[in-house]
Amino acid sequence: MRILTVEDEPSISNFIRDGLEEEGFAVDVADNGKKGLQLALDNLEEYDVILLDWMLPGMSGIEICRNIRLENKVVPIIFLTAKDTVDDVVFGLESGANDYIRKPFSFEELLARIRVLMRKNETQSTIFSAGDIVLNIEKHTVTKKENQIELTQKEFSLLEYFLRNKGKVCRRTRIIEEVWDIHFDYDNSVIDVYINSLRKKLDEVGKPSLITTVRGVGYKIDTDE
């Protein structure tokens, strides 16, 4: 799951990022309106939720929200702001936001609001499968022929990423960005270690691997025939 946070106050953005990463989310942070809008528009299909501060340098959260809605009608947007009048709330929601949280707020409230919106998003599936493998996000389980397979958090996130992109080639640079949340030049050989571990847990001896290697590019899980 990937979340964009557009917030110019470092203490708040760090608080949100640290909490969400502990919950298994990948988090991108922008500290001004223009950067936030650019990140949003460049990665609209990747974000599961967008968190927007109202008052931002460069461009307001309202402007960002309206621009996003011109391109994407589905991605959930939550305003985080000290503005708390009824008129403010109505204005924010009419600009295209799905929810509104007044500052200061608890992380537990924010997390609950995020999860509610993700459940309401009709395009957001919680169960993914390939062959005999079934991954359930809500239950955080992976089963094969109804037998549960124990995965580490990172193995689970990696398998989820492959299943969400089933039939597509997952490039190594995108895997390291999406699963490890690393956005700089990095030795991505760590991916191979986790791929090998997943194959040992998921594959049957003598049968083709669920995760196939696309030489020089990355990996993929083929669609079921």
Side-chain angles (χ1 to χ4, degrees), residues 1-4 17 20-28 39-50 71-72 74-76 114-115 118-119 121-225:
M1 304 292 186
R2 193 168 200 84
I3 292 180
L4 171 63
R17 182 186 60 202
L20 291 176
E21 287 181 346
E22 286 183 5
E23 294 293 325
F25 292 93
V27 184
D28 292 338
L39 273 174
L41 296 181
D42 287 348
N43 304 279
L44 272 181
E45 300 304 318
E46 303 290 339
Y47 292 127
D48 296 284
V49 176
I50 296 176
E71 302 295 330
N72 186 299
V74 176
V75 60
I114 288 172
R115 285 176 170 163
M118 291 177 71
R119 286 197 297 268
N121 187 354
E122 294 181 350
T123 66
Q124 180 64 53
S125 175
T126 59
I127 298 177
F128 299 89
S129 64
D132 296 326
I133 301 296
V134 178
L135 182 146
N136 188 311
I137 292 175
E138 287 190 350
K139 295 181 179 180
H140 200 79
T141 59
V142 175
T143 58
K144 180 174 183 177
K145 298 179 180 177
E146 299 185 355
N147 296 314
Q148 188 158 325
I149 299 173
E150 297 297 329
L151 299 182
T152 66
Q153 175 62 51
K154 194 60 68 178
E155 289 169 347
F156 186 93
S157 297
L158 182 57
L159 179 60
E160 178 189 340
Y161 180 69
F162 285 140
L163 291 174
R164 283 179 178 274
N165 293 279
K166 188 167 64 172
K168 302 177 183 177
V169 176
C170 299
R171 295 179 177 275
R172 296 173 67 87
T173 52
R174 292 296 292 163
I175 294 171
I176 208 72
E177 288 178 355
E178 298 293 334
V179 180
W180 274 265
D181 200 24
I182 293 174
H183 301 270
F184 52 85
D185 189 21
Y186 182 82
D187 180 7
N188 57 30
S189 61
V190 66
I191 298 172
D192 302 324
V193 175
Y194 281 88
I195 293 292
N196 290 335
S197 179
L198 276 177
R199 283 173 169 164
K200 289 178 181 178
K201 294 181 179 182
L202 301 178
D203 295 342
E204 294 184 27
V205 177
K207 292 190 176 181
S209 177
L210 176 73
I211 304 168
T212 59
T213 301
V214 181
R215 190 170 299 279
V217 181
Y219 302 91
K220 69 181 291 190
I221 289 180
D222 290 318
T223 55
D224 299 328
E225 296 184 0

key: Charged N-O contact under 4.0 Å between Glu46 and Arg164   = no
task = Indicate yes or no: at least one non-hydrogen side-chain atom of Leu159 is less than 4.5 angstrom from one of Ile133.
result = yes
ask   = For the residue pair Ile176 and Val190, what are the closest heavy atoms and their distance?
value = CD1-CG1, 3.8 Å
task = Give the C-alpha distance, both sets of side-chain angles, the deciding distance and a yes or no for side chain to side chain donor-acceptor pair (under 3.5 Å) between Tyr219 and Asp192.
result = CA-CA 10 Å; Tyr219 302 91; Asp192 302 324; 2.5 Å; yes
key: Steps toward side chain to side chain donor-acceptor pair (under 3.5 Å) verdict (Asn136, Thr141)   = CA-CA 5 Å; Asn136 188 311; Thr141 59; 5.0 Å; no
query = Do the side chain of Lys144 and the main chain of Leu202 share a donor and acceptor less than 3.5 angstrom apart?
reply = yes
ask   = Measuring from Ser209:OG to Lys200:NZ, what's the distance to the nearest 0.5 Å?
value = 12.5 Å
request  = Would you list the pairs meeting salt bridge (Lys or Arg N to Asp or Glu O under 4.0 Å) in which at least one residue belongs to residues 146-158, sequence neighbours left out?
outcome  = Glu155-Lys201
task = Determine the minimum heavy-atom distance between Leu210 and Asp203, stating which atoms define it.
result = N-OD1, 3.0 Å
inquiry  = Minimum heavy-atom separation for Tyr47 and Ile3, please, with both atom names.
reply    = CD2-C, 3.9 Å
message = On a heavy-atom basis, which atom in Ala26 and which in Glu178 lie closest, and how many Å separate them?
response = CB-O, 3.7 Å
task = Please list, chain by chain and in numerical order, all residues satisfying side-chain hydrogen bond (donor to acceptor under 3.5 Å, both in side chains) with Arg171, sequence neighbours excluded.
result = none
message = Counting C-beta onward and ignoring hydrogens, is there a side-chain heavy-atom pair between Arg199 and Ile211 closer than 4.5 Å?
response = yes
query = Taking it one step at a time, do Ser157 and Gln153 satisfy side chain to side chain donor-acceptor pair (under 3.5 Å)?
reply = CA-CA 6 Å; Ser157 297; Gln153 175 62 51; 3.2 Å; yes
ask   = Within the distance-only criterion (no hydrogens, no angle test), does the side chain of Asn165 pair as donor or acceptor with the backbone N or O of Cys170 below 3.5 angstrom?
value = no
ask   = Does the side chain of Leu4 come within less than 4.5 Å of Val27's, by heavy atoms?
value = no
key: Heavy-atom closest contact (Ile137 atom, Glu160 atom, distance)   = CD1-OE2, 3.6 Å
Nearest heavy-atom neighbours spanning Ala130 and Leu163 = CB-CD2, 3.7 Å
ask   = Would you say Ile195 and Leu158 make side-chain contact, with heavy atoms under 4.5 Å?
value = yes
inquiry  = Within the structure provided, determine whether Thr143 and Leu135 are in side-chain contact (heavy-atom separation under 4.5 Å).
reply    = no
message = Whether the side chain of Lys166 engages the backbone of Ser129 through a donor-acceptor N/O pair (distance < 3.5 Å, no angle test) should be reported.
response = yes
message = So that I know where these two stand, are Trp180 and Tyr161 an aromatic pair - ring centroids less than 6.0 Å apart?
response = no
Side chain to side chain, Ile175 and Phe162, heavy atoms closer than 4.5 Å = yes
ask   = Would you say the side-chain atoms of Arg17 pair up with the backbone N or O of Asp28, donor to acceptor, closer than 3.5 Å?
value = no
key: Glu71 side chain reached by Leu41 side chain, heavy atoms, under 4.5 Å   = yes
Side-chain touch Lys168/Lys220, heavy atoms, less than 4.5 angstrom = no
